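In what follows, a single structure is set out as structure tokens and then discussed.
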Amino acid sequence: MTPAELATVVHGAVVAGVAAGDFAGTPPDAVVVERPKNREHGDYATNVALRMAKSAGRPAREVAEAIAARLRQFDGIAGVDVAGPGFLNITLAADSLGMIAQAIVEAADGYGRSDALAGRKVNLEFVSANPTGPVHLGHTRWAAIGDSLHRILEAAGAEVAAEHYINDFGSQMTKFGASLYAVARGRPVPEDGYHGDYVADVAKAVLAERPDLLDLPEDDAVAVCTGLGEELMLRSIRESLSRFRVEFEVWFSERSMHSSGKVDDALTRLREQGHVYDADGAVWLRTTDFGDDKDRVLVRSNGEKTYFAADAAYYLDKRGRGFDTCVYMLGADHHGYVGRLRAIVACAGDDPDLTLEVLIGQLVKLVRAGEEVRLSKRAGTIVTLDDFVDLVGVDAGRYSLARWSADTPLTLDIAEITRRSNDNPVYYVQYAHARTRNARRNAEQFGIGLDVFAPELLTSPYEAALLTALGDFPAVVATAAELRAPHRIARYLEDLAGTYHRWYDHCRIAPQGDDPVTDLNRTRAWVNEATRVVLANGLRLLGVHAPDRM
RNA sequence: GCCCCCGUAGCUCAGCCGGAUAGAGCAAGCGACUUCUAAUCGCUAGGCCGCAGGUUCGAGUCCUGCCGGGGGCGCCA
């Protein structure tokens with residue numbers, strides 16, 4: 001019996017109890033059963049009686065007793081205790097609990113998927129690195145979290161598109177082109193230009209493709225630098241992200257919205273909604289109507305449209321493409337933008353609380369031996385995604401970034417996250433997976449396959465602990481999706497790996513010495529395989545490899 | 001001044017819709033390798049959940065105020 005099935009059974013008992021007049025009250029829409037922290041409290045616990053007590057007008061313990069009496073009638077439930085203020089502690093029969101293993105093996109890759117977010121069309125925008133420089137460590141945190149979220153939301157049934165916005169319009173691009181040109185000419189980079197060794201690399205690449213560059217009039221040459229520089233930079237950004245196993249469905253160009261007239265359309269639309277006004281020669285959006293602390297400029301007095309205008313157009317474009325939830329993942333240094341974004345949404349006639357979600361990620365630092373790592377050959381003062389992957393690898397890098405809540409400012413110690421031992425959670429979880437594979441290979445030597453399944457033999461408390469942990473996975477994925485919190489997957493996997501290792505130490509799969517192969521051995525092979533499935537599915541959601549051997 | 005995030009064990013952090021005796025890893029100490037790969041496991045020790053109020057059967061969790069730390073407040077993108 002899975003926890004979801006048990007929840008249905010308990011709910012049924014509550015409804016039946018009310019119908020039969022055991023106690024009064026309104027049954028809740030759904031019942032939650034959870035794994036108690038303390039194993040002595042049974043396999044599962046529920047607080048439904050505590051929640052019912054008020055409407056029943058009776059002490060929670062009395063309600064609990066009445067529900068318990070009904071549950072005890074149920075096949076597959078071995079025991080029900082009323083504890084504390086009115087908790088119901090439920091112990092399942094071994095065969096009933098053991099069925100989880102078979103269900104998981106049969107569901108295979110599909111185990112953990114749900115329809116919790118079915119029908120939702122979610123747009124996930126993250127990284128959105130400017131094509132004027134490499135992907136840096138701040139982006140990298142979002143690359144890991146955003147891509148995992150992509151996978152998790154899909155597992156929860158949502159239709160998801162990951163998008164990378166390209167700021168390829170405006171003065172920053174021109175500055176980049178001018179910087180490239182300066183370097184190509186052997187002149188110093190302008191004060192407000194782009195610095196770092198990568199600028200020289202890109203300039204060299206531009207020269208290689210356009211040997212005539214220096215013969216062109218300066219304006220034309222800068223334009224060539226801007227165009228080619230952007231192309232090269234974008235290609236390198238894609239390569240870096242792809243190497244980090246991060247893929248986007250859509251690379252969305254800001255410039256394309258200007259040239260196609262979408263920005264003008266958006267301005268018209270906002271004007272029609274009555275939130276646009278002209279002042280000081282500029283065009284403004286009255287974002288203060290919606291909680292912003294000051295109004296924002298859409299078109300500057302020199303006629304140029306702002307980044308903000310493009311963002312309004314981008315939001316409208318997303319909505320036009322049918323997304324009902326638009327998620328923006330921003331660094332903490334951009335949180336001031338949230339108010340403006342909400343105002344755009346409100347000015348467009350949407351409810352920001354419904355269609356807009358802004359996730360703010362706190363800053364990341366990398367330290368080595370207690371010193372912050374800043375030395376980047378490529379970018380001068382920042383650590384790039386490529387530097388990071390070179391230092392720690394993709395698996396350790398992704399896992400280390402994804403296992404922390406985005407709300408936590410993060411300091412990663414290089415020595416700690418690359419250490420190949422049990423104090424490194426990445427390897428702890430990966431090793432557990434490798435161990436399941438090895439145990440399976442070993443069992444096969446004894447002729448143990450997945451044929452006989454006798455769950456009533458799974459009576460060890462270590463099996464109960466493992467089986468209930470395995471049963472939690474779908475709920476963990478659904479919660480991670482709902483809370484946009486990939487770190488919950490990682491924490492769950494660490495817990496599961498520990499539970500598996502303990503089980504492995506106490507419950508042999510293959511027989512020892514000359515002992516004969518028993519049905520218990522064969523049944524444990526299912527438990528082992530179910531664990532492998534969950535570890536593999538969980539690691540896949542984090543974009544981390546599940547190795548066969550370590 | 002205003003806004004966002006954080007404050008939980010020596011350290012780094014989990015803690016979902018408020019629920020039972022607040023958890024994990026590391027670090028410290030002790031123990032288990034003739035192993036299903038010890039990249040593992042067992043045990044010990046470690047807590048005014050920043051402070052003060054409030055809400056209620058019940059608060060680490062929700063509300064208010066304060067203290068401490070980090071970040072942000074352009075006709076830049």
Side-chain angles (χ1 to χ4, degrees), chain A residues 28 32 34 36-38 40-41 45 47 50-51 53-54 59-60 83-87 89 128 130 132 167 169-173 175 192 254 279-284 291 293-294 296-302 304 306-308 310-311 331-339 358 360-363 403-413 416 419-432 434-435 437-443 445-446 475-476 478-480 482-483 485 487-488 490-492 494-495 497-498 500-512 528 549-550:
Chain A
V32 176
E34 53 187 11
K37 277 172 271 181
N38 188 339
E40 286 164 18
H41 293 155
N47 63 358
L50 287 156
R51 296 190 173 280
K54 192 171 275 179
F87 290 100
N89 293 335
S128 296
N130 288 355
T132 54
N167 300 124
F169 183 85
S171 55
Q172 293 304 316
M173 285 316 301
K175 273 182 199 166
D192 62 345
E254 178 185 2
D280 306 329
V283 180
W284 299 73
D293 49 4
K294 55 176 291 193
R296 306 292 168 174
V297 171
L298 290 164
V299 184
R300 287 196 280 274
S301 47
N302 66 7
E304 280 175 22
T306 60
Y307 173 88
F308 180 62
D311 239 20
D333 54 342
H334 280 76
H335 96 269
Y337 208 68
V338 176
V358 184
I360 300 294
Q362 299 301 308
L363 302 184
R403 81 182 283 265
W404 308 104
S405 158
D407 288 338
T408 321
L410 190 53
T411 302
L412 293 178
D413 186 306
E416 229 161 76
R419 197 174 299 154
R420 297 183 156 261
S421 66
N422 65 335
D423 58 1
N424 186 341
V426 194
Y427 292 108
Y428 185 74
V429 174
Q430 285 189 315
Y431 177 67
R435 204 174 213 191
R437 297 293 279 185
N438 193 66
R440 177 174 162 162
R441 282 190 293 270
N442 187 66
Q445 309 249 311
F446 285 85
V476 170
T479 306
E482 212 169 303
L483 300 176
H487 74 277
R488 281 171 176 270
R491 302 296 173 147
Y492 165 80
E494 290 163 27
D495 182 65
Y500 171 74
H501 286 312
R502 280 185 286 280
W503 173 76
Y504 178 95
D505 276 1
H506 290 91
C507 300
R508 291 192 61 93
I509 302 160
Q512 192 151 26
N528 182 69
R549 287 192 166 81
M550 286 176 78

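The figures here come from the full heavy-atom set of this structure, side chains too, leaving out hydrogens, waters and symmetry mates. Computed from a predicted model, the values in this text were never measured in an experiment.
- Comparing the same atom, P, in B/U12 and in B/C17 gives a spacing of 25 Å after rounding to whole Å.
- Base contact: A/Ile509 has a heavy atom under 4.0 Å from a base atom.
- In this structure, CD of A/Glu304 is placed 8 Å from P of B/A77, rounded to the nearest angstrom.
- Distance check on atom P: B/C30 versus B/C67 gives 46 Å, rounded to whole Å.
- Using a 4.0 Å heavy-atom criterion, one finds that A/Ala332 contacts the sugar-phosphate atoms exclusively.
- For the pair A/His334 NE2 and B/C4 P, the interatomic distance rounds to 18 Å; values are reported in whole Å.
- For the P atoms, the distance from B/C5 to B/G15 is 15 Å, rounded to whole Å.
- Taking the P atoms as reference points, B/G71 lies 24 Å from B/G65, given to the whole Å.
- Rounded to an integer number of Å, the gap from A/Arg491 CZ to B/G23 C1' is 11 Å.
- Atom CG of A/Asp311 and atom P of B/C76 are 15 Å apart (whole Å).
- Nearest approach of A/Phe446 to A/Pro511, heavy atoms of both residues: CD2-CG, 3.6 Å.
- Closest to the A/Arg435 side chain, of the nucleotides B/A77, B/U40, B/C75, is B/U40.
- Using a 4.0 Å heavy-atom criterion, one finds that A/Asn89 contacts the bases of the nucleic acid, with or without backbone contacts as well.
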| request: Go through the steps for A/Ile509 and A/Trp503 under the test side-chain contact (heavy atoms from CB on, under 4.5 Å), then give the verdict. | output: CA-CA 10 Å; A/Ile509 302 160; A/Trp503 173 76; 3.8 Å; yes

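- Comparing B/C75, B/G71, B/A20 against the side chain of A/Trp284 picks out B/C75 as the nearest.
- For B/C13, its base never sits under 3.5 Å from the side chain of A/Thr408 at any donor and acceptor pair.
- Backbone-only contact: A/Phe169 has heavy atoms under 4.0 Å from sugar-phosphate atoms and none from a base.
- Nucleotide B/A28: paired with B/U44 (Watson-Crick or G-U wobble, both distances less than 3.5 Å).
- At a threshold of 4.0 angstrom between heavy atoms, the contacts of A/Ser405 are confined to the sugar-phosphate backbone, with no base atom among them.
- Atom CH2 of A/Trp404 and atom P of B/C5 are 20 Å apart (whole Å).
- The separation between A/Asp280 atom CG and B/G74 atom C1' is 15 Å, rounded to whole Å.
- Pairing partner, B/A39: none, since no Watson-Crick or wobble contact has both distances short of 3.5 Å.
- Of the candidate nucleotides B/U40, B/C75, B/C17, B/U40 has the atom lying nearest to any side-chain atom of A/Tyr428.
- A pairwise comparison of heavy atoms in A/Gln362 and A/Asp407 identifies CG-O, 3.0 Å as the closest pair.
- Taking CZ from A/Arg437 and CG from A/Asn442, the interatomic distance works out to 14.0 Å, rounded to the nearest 0.5 Å.
- Counting only heavy atoms from C-beta on, A/His487 has its side chain closest to B/G15 among B/G15, B/C41, B/C76.
- Across all strands, A/Val32 comes closer than 4.0 Å to base atoms (heavy-atom distances).
- Following rounding to the nearest Å, A/Arg488 (CZ) and B/A24 (P) show an atom-to-atom distance of 17 Å.
- Mapped onto RNA chain B by nearest heavy atom, A/Ala282 and A/Gly498 fall at different nucleotides, with A/Gly498 at the one closer to the 5' end.
- As a whole-Å value, the separation of A/Arg296 CZ from B/G74 P is 7 Å.
- Base engagement by A/Glu34 is indicated by at least one non-hydrogen atom pair under 4.0 Å involving a base atom.
- Nearest approach of A/Thr306 to A/Val297, heavy atoms of both residues: OG1-O, 2.9 Å.
- Of the C1' atoms belonging to B/G29 and B/U8, the separation is 24 Å, rounded to the nearest Å.
- Residue-level contact check: A/Asn47 touches the bases, meaning some heavy atom is under 4.0 Å from a base atom.
- For the residue pair A/Ala432 and A/Tyr500, the shortest heavy atom distance occurs at O-CE2, 3.8 Å.
- In the set B/U40, B/A77, B/G71, B/A77 carries the atom at the smallest distance from any side-chain atom of A/Asn130.
- Across A/Val476 and A/Arg488, no two heavy atoms sit closer than the pair CG1-O, 3.9 Å.
- Within 4.0 Å of A/Asp495, counting heavy atoms only, lies no atom of the nucleic acid at all.
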| message | A/Tyr492 vs A/His487, test: side-chain contact (heavy atoms from CB on, under 4.5 Å). Steps then yes/no. | response | CA-CA 8 Å; A/Tyr492 165 80; A/His487 74 277; over 6 Å; no

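- Pairing for B/U55 is absent, judged as Watson-Crick or G-U wobble with the two contacts each under 3.5 Å.
- In this structure, B/C49 shows a glycosidic angle more than 90 degrees from zero, which is the anti conformation.
- Of the candidate nucleotides B/A77, B/C16, B/U40, B/U40 has the atom nearest to the side chain of A/His501.
- Once rounded to the nearest 0.5 Å, the distance linking CG of A/Asp192 with NZ of A/Lys175 reads 4.5 Å.
- For B/C66, the paired nucleotide is B/G50, the pair qualifying as Watson-Crick or G-U wobble because both relevant distances are below 3.5 Å.
- Looking at heavy-atom distances under 4.0 Å, A/Arg403 makes no contact with the nucleic acid at all.
- Closest contact between the side chain of A/Tyr431 and the listed nucleotides B/C16, B/C13, B/U40 involves B/U40.
- Pairing of B/G23, defined by two Watson-Crick or G-U wobble distances under 3.5 Å, is identified with B/C13.
- Rounded to whole Å, the separation between the C1' atoms of B/C62 and B/A45 comes to 35 Å.
- Counting all heavy atoms, side chain and backbone alike, A/Ala497 lies closest to A/Val429 at CB-CA, 4.2 Å.
- Residue A/Ala45 is classed as a base contact, given a heavy-atom separation below 4.0 Å to a base.
- Nucleotide B/C33 is matched to nothing when pairs are restricted to Watson-Crick or G-U wobble geometry with both distances under 3.5 angstrom.
- If you check B/C73 for Watson-Crick or wobble pairing at under 3.5 angstrom, you find it paired to B/G1.
- Taking only side-chain atoms of A/His335, from C-beta outward, the nucleotide of B/G71, B/C17, B/A39 with the closest atom is B/G71.
- For the pair A/Ala279 and A/Arg440, both in contact range of RNA chain B, the more 5′-proximal nearest nucleotide belongs to A/Arg440.
- Contact between the side-chain N/O atoms of A/Lys294 and the OP1/OP2 oxygens of B/C75 is found at a separation under 4.0 Å.
- Rounded to whole Å, the separation between the P atoms of B/C2 and B/C26 comes to 44 Å.
- Of the listed nucleotides (B/A39, B/G71, B/G70), B/G71 has the atom at the smallest distance from the side chain of A/Asp333.
- Here the separation of B/G42 from B/A27, taken at their P atoms, is 16 Å to the nearest Å.
- You'll find that the side chain of A/Asp505 is closest to B/U40, out of B/C16, B/U40, B/C75.
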